[in-house]
Structures are given as C-alpha cells and as structure tokens.
4 protein chains.
Amino acid sequence: MKEQMTDKRKAILAAALTLFTERGFHGTPTSLIAQDAGVATGTLFHYFKTKEELIESLYLDIKKEAGTVLRDAGKSKGDWREKLDNICMAYAEWGLENARKIHFMQQFCYSPFISKATHQEGVSNFLFLIDQIALGIKEGAIRDYPPEIILSIVSSGLMTSILAAAREKDPQKQHKVLNQSIDLILYGVLQE
Amino acid sequence: MKEQMTDKRKAILAAALTLFTERGFHGTPTSLIAQDAGVATGTLFHYFKTKEELIESLYLDIKKEAGTVLRDAGKSKGDWREKLDNICMAYAEWGLENARKIHFMQQFCYSPFISKATHQEGVSNFLFLIDQIALGIKEGAIRDYPPEIILSIVSSGLMTSILAAAREKDPQKQHKVLNQSIDLILYGVLQE
Amino acid sequence: MKEQMTDKRKAILAAALTLFTERGFHGTPTSLIAQDAGVATGTLFHYFKTKEELIESLYLDIKKEAGTVLRDAGKSKGDWREKLDNICMAYAEWGLENARKIHFMQQFCYSPFISKATHQEGVSNFLFLIDQIALGIKEGAIRDYPPEIILSIVSSGLMTSILAAAREKDPQKQHKVLNQSIDLILYGVLQE
Amino acid sequence: MKEQMTDKRKAILAAALTLFTERGFHGTPTSLIAQDAGVATGTLFHYFKTKEELIESLYLDIKKEAGTVLRDAGKSKGDWREKLDNICMAYAEWGLENARKIHFMQQFCYSPFISKATHQEGVSNFLFLIDQIALGIKEGAIRDYPPEIILSIVSSGLMTSILAAAREKDPQKQHKVLNQSIDLILYGVLQE
DNA sequence: CATGAATGAGCATTCATTCAT
DNA sequence: TATGAATGAATGCTCATTCAT
C-alpha cells in the first residue's frame with residue numbers, strides 16, 4: 001500500500017478531474033490545477049513527477065474505482081438476467097453520481113495522453129467480466145458471441161446512456177432513461 | 001456554392017484530421033498542420049480564422065460525410081432487418097476505411113473544443129434516423145422504446161465496434177468482428 | 001510635378017492619417033489602410049514602395065500643407081503684433097479643422113519612423129519663419145533671442161493649444177482657448 | 001508598501017524606457033526588453049501581465065518622478081519670478097539628465113498605448129501646479145489667464161526646450177539654451 | 001494599373017518544470 | 001514536505017510584401 005493518499009494528493013486529483021474534462025489535457029495548466037487544489041505549483045510536482053504521470057494516475061484511479069463497483073455488484077444472487085441487470089444498474093448509479101469520471105474515461109480512453117501500458121492496466125480491472133460472460137454463455141443465458149465483443153458493446157452502450165441520463169435534470173427521468181437503455185442493451189445480449 | 005474546397009483547404013483539413021487524432025487538439029501546433037499540408041502557416045489562417053474554427057469545420061465535414069453515407073444506405077429495399085443491417089454495414093464499411101474519422105468523432109464529440117452549437121449542427125445530419133426508427137416502431141419491427149435512446153445505443157455500439165475491428169489486421173477478421181457486433185446490436189433493437 | 005495625386009493615392013494617405021494617429025504606426029496593418037481606403041492590398045504597394053515610405057510621404061505632405069498655410073498668412077499687412085497674431089490664428093484655424101494632422105505631427109515628429117533626413121525636409125517648410133523672426137528682432141519688435149529658440153517655443157505652444165482647443169466641443173470655447181493661448185505666447189515673444 | 005520595486009522589476013522598466021523611445025511601442029519586442037534587462041522573457045510577464053501594463057507602469061512612474069521634482073522645487077523661497085525660475089530650472093535640470101524620460105512622455109502622452117485613465121492618473125501629479133498658478137494670479141504676479149492654459153503652454157515650452165538643449169553636446173551651451181528658453185516662457189506668463 | 005491569395009519571419013504570451021528557501 | 005519566483009522553449013496568430021492573373 002504505497003499509496004497513502006494524502007489530502008493534498010487527493011485534492012490535486014479532484015481538481016485535475018474537473019479541469020481535464022472541462023478544458024482538455026493541454027488546455028489545463030498545472031498551475032491552475034494547483035490553484036484549484038489549494039496547493040503551490042511546486043507541490044503538484046512533488047506528488048506527480050510530470051503532468052503525464054498525473055493524468056495517468058487519475059485514469060488508473062478511476063478505472064480501479066469503476067472496477068470495484070462492478071465487482072461488488074457482481075456478487076449479487078439471482079438468475080442471469082437479474083445479475084446482469086444489477087451490475088448494469090450499479091454501474092449506472094455510480095456513473096450518474098460520478099458523471100465527470102465517466103466523461104473523463106470517454107474523453108481520454110482513446111486519447112494520446114494515456115499510454116498503451118496504462119490503458120492495458122486500466123482495462124485489467126474489467127477483465128473478470130470476460131470470464132463471467134463466458135460462464136453465462138456456457139450456461140446458455142447469454143448469446144454465444146465472443147465475450148470481448150459482448151463486453152465492449154455493453155460497456156459502450158452503458159457509458160453513452162449514463163452521459164445521456166446525466167444530461168436530464170429530473171432524477172426520475174434520469175432513471176427512466178437508464179432503465180430503458182439497460183433493457184435494450186440486455187435484449188441484445190441475453191438469449192431469450 | 002460558397003464551399004469551393006480549394007486543394008489547399010482540403011490538404012489542411014486532411015492533415016489536421018490525422019494530427020488531431022494522434023496528438024490531441026492542443027498537442028498539435030498549427031505550424032505542424034501547415035507543414036504536413038504543404039502550405040505556409042499564414043495560409044492555414046487564410047482559410048480558417050482560428051485553430052478552433054479549423055477543428056469545428058473538420059468536425060462538421062466529417063459529420064456531414066457520415067450522414068450522407070447513412071442516408072444513401074437507408075434507401076435500400078427489403079424488410080426492416082435487412083434495411084437496418086444494410087445501414088449498419090454501410091456505416092461500418094465506411095468507418096473501417098475512415099477509421100481516423102471515427103476516432104476523431106469519438107475523441108472530440110464530448111470535448112470542450114467543439115461548441116454546443118457546432119455539436120448540434122453536426123448531430124442534425126443524423127436526425128432523419130430518428131424518424132426512420134419511429135417508423136420502424138410503428139410498423140412493429142423495432143422495439144417500442146424512445147427513438148433517441150435507440151439511436152444513441154446503436155451508434156455508440158457501432159462506433160466502438162468499428163474501432164475494435166480496425167485494430168485487427170486481417171480484413172476477414174475485421175468483417176467477422178463487425179458482423180458479430182451488428183448482430184448483437186440489432187438483437188437488442190429488433191422485435192423478434 | 002511628379003506627384004499627380006491620383007484619387008486612390010489620396011484615399012490611401014487619408015486612411016493612413018486617421019489610422020496612424022489612432023493606432024500608431026506598427027499598430028496599423030497595411031491591409032487595414034488599404035481596406036479603409038477602398039483599394040486592394042497590392043495597390044497600396046503600387047503607390048508606396050514600403051510602409052515607411054507611406055508614413056514619410058504623409059509626414060511631408062502635412063508639413064508642406066502647414067508651411068503653405070503659414071506662408072500665406074505671413075503675407076498680411078500691419079504691424080508686427082498684428083502680423084504674428086494673424087499667422088498664429090491662421091495656423092490655429094487650420095489646425096482646428098485638421099486636428100488629426102496636428103496630432104500626427106505631435107506623435108511622429110520625434111518618433112523613430114521618420115528618418116532624420118525626412119524630418120529635416122519637413123522642417124524646411126518652416127525655415128522662412130526664422131528669417132521673419134530675425135527681421136522682427138532687428139526692427140525691435142521681437143525680443144532679442146535666438147530665432148530658432150523663439151520658433152520652437154512658439155510652435156510647440158501653438159500645437160499644444162490647438163490640441164487643447166480641439167478637445168472642446170463648443171466652437172466658441174475653442175476660439176476662446178486659442179485666443180488666450182496666442183495672447184500668452186506672444187506676450188513672451190514680443191518686446192513691449 | 002505594495003511597490004517593493006525588485007531589482008528585476010527596475011531593470012525591466014529601465015530597459016523598456018530606452019527601447020520604447022528608440023523604437024516605438026510595437027517596434028520593441030518584449031523579448032528584447034527582457035534580454036536588455038538581463039531576465040528571462042517569462043520574468044517580464046511575471047511582473048507585468050501584458051506589454052500594455054508595462055508601458056503604462058512606466059508612464060506612471062515617470063510622471064510621478066517628474067511631479068516629485070517639481071514639488072520639491074516649488075518649496076523654494078523668494079518672489080514669484082525667482083520661484084517660477086527655480087521650478088523651471090529644476091525641471092529642466094532633471095529633464096536634461098533624464099532626456100529619455102522627457103522623450104518618452106512627449107512621444108507617448110498622446111499615443112494610443114496610454115489609456116485615458118492612465119493619462120489622467122499621470123497628469124494628477126501636476127495638478128498642484130494649477131493651484132500654485134492660481135495663487136500667483138491672485139497675488140498679481142502672473143497674468144490673469146486660465147491656469148490650465150498657462151500650465152500647458154509653459155510645460156510644452158519647457159519640454160521642447162529640454163529636448164532642444166539635450167541635442168547640444170556642450171553643457172555650457174545646453175544651459176544657455178535652457179536659460180534663454182525659460183526667460184522667454186516666463187516673459188509670456190509673468191505680469192511685468 | 002489593380003487585385004488578393006500566398007508566404008513565412010516575427011512577436012506576445014503561456015506553461016511545465018526547477019530550485020533556493 | 002511545501003513554497004512560488006524564475007526560466008525559456010514552444011505556439012497561435014499577424015502582417016509587410018510579392019506575384020500571377
């Protein structure tokens with residue numbers, strides 16, 4: 001547990017999340033991040049050797065958090081439909097409360113600021129889902145298609161839906177959008 | 001006929017497409033765009049008043065081209081499944097040959113470099129699909145969900161699949177990925 | 001008479017006068033001068049080889065015009081006080097109607113954009129005044145001080161007064177300011 | 001004590017003074033100012049947010065210094081002629097040693113680079129002279145003309161004379177020119 | 001004579017990073 | 001650990017000037 005997550009470190013990451021999504025990577029001066037985080041410019045470079053290291057740390061933190069949310073939701077009991085529904089809803093719920101993190105992932109996962117290696121490491125948090133899907137296929141609950149393809153389609157659909165839901169003001173409407181989206185996504189995936 | 005699309009203008013847009021996707025907006029100097037396009041730096045600013053205007057023009061051009069591809073494919077005859085399949089395959093085919101354009105849209109559609117107004121204008125090229133989907137619902141071929149939701153889930157799924165397919169080297173594998181992805185996407189959408 | 005003073009040439013000089021006083025030399029693009037003059041950018045360089053040549057031509061034209069005004073006024077009859085008063089008032093009158101030209105001279109006579117040679121040539125239009133002053137001294141009407149000093153003090157006082165008068169809106173007030181200023185200036189110069 | 005006047009700040013102002021008078025505002029690259037001041041370009045912008053702020057600061061500094069010189073000289077004892085003579089000579093003396101500052105004021109006081117507000121603030125350093133002149137008028141020593149007019153004529157005459165004197169090499173000649181000029185200026189102002 | 005597209009050197013300003021305190 | 005003044009390379013954009021039409 002090398003990561004002690006000082007308050008200052010956390011503040012820097014939080015400020016960076018907001019600023020990077022709102023202004024892009026190069027559009028965000030490190031001095032501004034430091035300012036918003038309430039620390040001196042030099043301090044930022046004490047915690048992160050370079051600006052690149054900062055965005056990659058942020059990326060990994062978010063991916064890890066998202067992975068944990070999914071893993072926890074995956075422990076729910078019930079049949080496959082229920083299980084997948086739970087996982088999707090848990091992710092959507094978290095995404096709605098952390099829209100900026102979804103936004104961040106969407107914007108930076110294919111950007112040149114995240115190295116291939118970091119991207120790999122980030123994705124690794126979701127790999128257990130591949131196994132789960134394979135299991136669902138074997139049990140005849142999920143259509144027999146390559147699990148990677150299923151995962152990428154489901155997750156891109158979810159991300160887009162969360163962002164769409166976040167654009168609604170009314171929480172009831174938000175949930176309606178999410179429920180309908182998840183219905184559609186799972187129709188595509190589940191064997192009827 | 002305001003748009004005469006000079007050769008130089010085209011060259012600048014082409015160079016910008018490649019560089020923006022590879023290095024990001026702020027990561028790409030205008031001088032480099034000009035160099036790659038084979039024109040002087042001043043010339044770039046003769047055609048586009050600012051760097052922002054350049055990226056927005058590029059965005060609109062691509063969205064327009066994508067809209068045209070879809071519109072043409074939508075004229076095909078046949079039942080709904082065939083029709084949707086044709087549309088998706090045409091889009092995927094185009095996307096595969098223009099992976100950079102897909103990449104560009106994915107990376108910049110939610111970025112702060114494209115103004116809301118431009119985003120709106122870009123999306124307008126796809127609005128006719130909403131009507132089509134509504135028609136399909138009325139005819140009982142497409143599940144009865146809000147057409148906007150259906151459109152956003154289908155298109156995000158398609159984009160992701162195209163990018164995944166583009167990562168494959170072998171054209172045969174590419175098409176297999178695409179076919180399987182489109183199958184899955186349409187399962188979700190079509191009423192069986 | 002090499003100078004045929006085409007309409008276009010005149011238009012360029014007029015536009016340049018306004019723009020140079022309002023925005024400075026380097027602050028005024030030649031393209032803007034051309035635009036305001038209603039000609040193409042290339043045309044400006046047909047009449048003036050460089051931007052420097054333009055400002056120097058403008059400077060000389062103005063100095064020449066000012067010299068002519070003074071020379072004409074100097075032909076008036078009457079005693080020395082009357083004569084000097086006439087000269088000053090004529091100059092002030094012209095300056096009031098051509099405040100921009102006064103402003104221009106004030107701003108650029110010591111600026112680095114006017115070469116020493118051009119400055120010399122411009123000043124030559126006023127040299128006859130030195131002789132006049134010398135004559136006035138010899139006749140005992142003007143105090144016995146070096147004519148160059150007298151000239152420079154009188155003319156700087158006049159310029160400043162014209163600019164001050166031009167700042168007033170009411171023509172009556174303008175003239176009051178001018179008359180009072182000229183009174184004061186001549187008190188200093190005339191032998192009582 | 002907001003103004004700590006760091007060494008670096010002082011060096012930048014000194015370099016700017018020389019360069020602006022010699023090459024004009026737009027004719028002077030900030031990089032050259034920094035170089036001449038012996039600091040990095042970034043440092044210049046650490047002390048002055050923009051090039052405009054730099055020239056305005058410089059203008060205010062000089063006006064303040066000039067005002068102080070006059071104020072100190074105004075404390076001298078003696079009759080009005082002596083007093084005005086002292087003030088003028090003190091100013092001329094300072095101007096001779098600081099010809100560049102005089103040159104700067106002459107060149108930029110009516111230029112578009114100094115905002116109206118800054119001009120006002122600069123002029124405020126001389127306002128006490130208006131009161132002095134009014135007093136002189138009341139006591140019958142100075143001719144009864146609007147004090148503002150008297151001030152502007154005297155000061156423009158002085159400035160011009162200082163510049164003329166500065167053009168002489170020989171210090172003796174310089175002082176002769178100044179003395180004669182001040183004589184002439186005061187003849188115009190003083191009631192005999 | 002007149003045009004205006006094209007050029008590319010030049011400049012104001014920003015910003016990641018360092019380092020003395 | 002924390003600070004923030006100082007650095008200077010890098011970049012978006014401007015503009016005098018040319019030249020093919």
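Excluded from the calculations below are hydrogen atoms, water molecules and symmetry mates; all remaining heavy atoms, backbone and side chain alike, are included. Note on naming: letters A, B, ... go to the chains in the order of the sequence lines (proteins, then strands), and numbering restarts at 1 for each one. Quantities reported herein were computed from a predicted structural model and do not represent experimental measurements.
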Report task. Look at the rings of C:Phe20 and C:Phe25 and say which category their plane angle falls in: under 30° parallel, 30 to 60° tilted, over 60° perpendicular. Result -> tilted
Query raised in the report: For the side chain of D:Pro29, counting heavy atoms from C-beta on, which of F:dT17, E:dT17, E:dC11 is nearest?
Result: E:dC11
Report task. For the side chain of A:Val39, starting at C-beta, report the closest nucleotide among F:dA16, E:dT7, F:dT3. Result -> F:dT3
Closer than 4.0 Å, any side-chain N/O of [X] to the OP1 or OP2 of [N]?
X	N	result
B:Lys8	E:dT7	yes
D:Thr30	E:dC11	no
C:His46	E:dC1	no
D:Thr43	F:dT7	yes

Query raised in the report: How would you label the contact of C:Tyr47 with the nucleic acid (heavy atoms, under 4.0 Å): base, sugar-phosphate, or nothing?
Result: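 Sugar-phosphate contact only.
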Requested in this report: Mind checking side-chain contact (heavy atoms from CB on, under 4.5 Å) for D:Gln35 and listing every partner two or more places apart, or none if nothing turns up?
Outcome: D:Leu32
Query raised in the report: Starting at the 5' end of DNA chain F, which residue's closest nucleotide do you reach first, B:Gly27 or C:Phe45?
Result: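 The residue mapped nearer the 5' terminus is B:Gly27.
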**Report entry** Separation of the C1' atoms in E:dC1 and F:dT21, to the nearest angstrom
**Finding:**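 Between the two C1' atoms, the distance is 13 Å.
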Query raised in the report: Does any donor-acceptor pair link the side chain of C:Thr41 with the base of F:dA16 at a separation under 3.5 Å?
Result: no
**Report entry** Comparing D:Thr50 and C:Ala40 on DNA chain E - which has the more 5′ nearest nucleotide
**Finding:** C:Ala40
Query raised in the report: Whom does F:dA5 pair with, Watson-Crick or G-U wobble, provided both distances fall under 3.5 Å?
Result: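 E:dT18 - that is the nucleotide pairing with F:dA5, both distances being under 3.5 Å.
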Query raised in the report: Any luck finding a side-chain donor-acceptor pair between B:His119 and B:Tyr110 under 3.5 Å?
Result: no
Query - Test item: side-chain donor near acceptor, A:Glu56 and A:Ser115, under 3.5 Å - result: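 On atom types as modelled, these side chains qualify, holding a pair under 3.5 Å.
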Query raised in the report: Between F:dT1 atom C1' and A:Lys49 atom NZ, what is the distance in whole Å?
Result: 17 Å
